[in-house]
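Below: the structure, in structure tokens.
Positions are given from 1, in the same order as the sequence printed here. All values derive from a computational prediction rather than experimental measurement.
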Amino acid sequence: MRTLVLSLVATIALLLPARAETPVDVELFLAVDVSRSMAPSELEIQRRGYAEALVSEDVIRAIQFGGPHGQIALTYTEWAGVRSQRVIVEWTLVRTRADAEAFAAQLTANFDEALRRTSISGLIDHALPRFEDNGFAGERLVIDISGDGPNNAGRPVLAARAEAEARGITINGLPLMTREGMGAQWHLDDLDEYYRQCVVSGPTAFVIPVLRWEDFTDAVRRKLILELSDRQPDDMPVRRAQGYDCLIGEKIWNQYFGDWN
């Protein structure tokens, strides 16, 4: 009898339709650097900057008119080391201003401490499986990475980026090129070029550097509008010739602390 029941259950399961996925214009994975090179005030600026940008009129318009579905799936994760990622807001359907305001409210409900190390590759490895079985079917998949330094932990960033490329996932970058906070040894004068050469990927990928914290919210707003509309900046600089050392962060770590892993 038990065998018959199990057989019937299995048959019914096969006949049932698969769980429907909500169609959206883009599944956008917001990944925000909270490594210890960030001061507490900078961590708060980032949360508040994203919250303010998300509820701006231009971003709401881009959500509603940037694609055929008029809605997006959005999640917000803070990251640092190889296994140091914390999900602040899970995948959420955003279609209206009220949806965006509710998402923004979760970002500013509280503020957490910084985490250790900087692993862009670890963040990408964390992000890739989170596009699977998340309840959404996006026309495009995008990882949006902000960070104030190069990869210095985990596997090389180029290897992780290649996996994202193979799955058709776009990676955009928001390099934070300010000079406040700790960790001056990690600052790269050309961090924007590091992101162009070593981090971002996809035919419409782009980089928007932030040079001053007072410009952060505007940079995020601009970035979101471009991502939701599947466009690149009109003033996007030409990428330099290949040859950038994408292991520069690991080499700096070795110089100060020894084996970067």
Suppose we screen for salt bridge (charged side-chain N to carboxylate O under 4.0 Å, His left out). Which residues come up paired with Asp234, at least two apart in sequence or across chains?
none
Taking only residues two or more places apart in sequence or in another chain, which ones pass ring pair (Phe, Tyr, Trp, His ring centres under 6.0 Å) with Tyr76?
Tyr50
Ring pair (Phe, Tyr, Trp, His ring centres under 6.0 Å) contacts in which one or both residues fall within residues 152-178, not counting sequence neighbours:
none
With a 4.5 Å limit on heavy-atom distance, are the side chains of Trp213 and Gln46 in contact?
yes
Sort and list the pairs that fulfil disulfide (SG to SG under 2.5 Å) and have at least one residue in residues 196-231, not counting sequence neighbours.
Cys198-Cys246
The criterion is salt bridge (charged side-chain N to carboxylate O under 4.0 Å, His left out); which residues satisfy it with Glu90, sequence neighbours excluded?
Arg130
Exercise: do Asp33 and Ser35 side chains pair donor with acceptor under 3.5 Å:
yes
If the condition is side chain to side chain donor-acceptor pair (under 3.5 Å), which residues does His126 pass it with, not counting sequence neighbours?
none
Do Ile120 and Tyr194 have side-chain heavy atoms sitting under 4.5 Å apart?
yes
For Asp218, side chain to side chain contact (heavy atoms under 4.5 Å, CB included) partners two or more places apart:
Arg221
What residues form a salt bridge (charged side-chain N to carboxylate O under 4.0 Å, His left out) with Arg167, not counting sequence neighbours?
Glu132
Minimum heavy-atom separation for Gln85 to Thr77, with atom names?
CB-CG2, 4.0 Å
Not counting sequence neighbours, which residues clear side chain to side chain contact (heavy atoms under 4.5 Å, CB included) with Ala205? List them please.
Thr170, Asn172, Val200
Any residue meeting ring pair (Phe, Tyr, Trp, His ring centres under 6.0 Å) with Phe206, in chain and number order, not counting sequence neighbours
none
State which residues pass side chain to side chain contact (heavy atoms under 4.5 Å, CB included) with Thr96; sequence neighbours excluded, sorted by chain then number.
Ala98, Asp99
In chain order, what residues pass the side chain to side chain contact (heavy atoms under 4.5 Å, CB included) check against Glu101, with sequence neighbours excluded?
Val55, Arg97
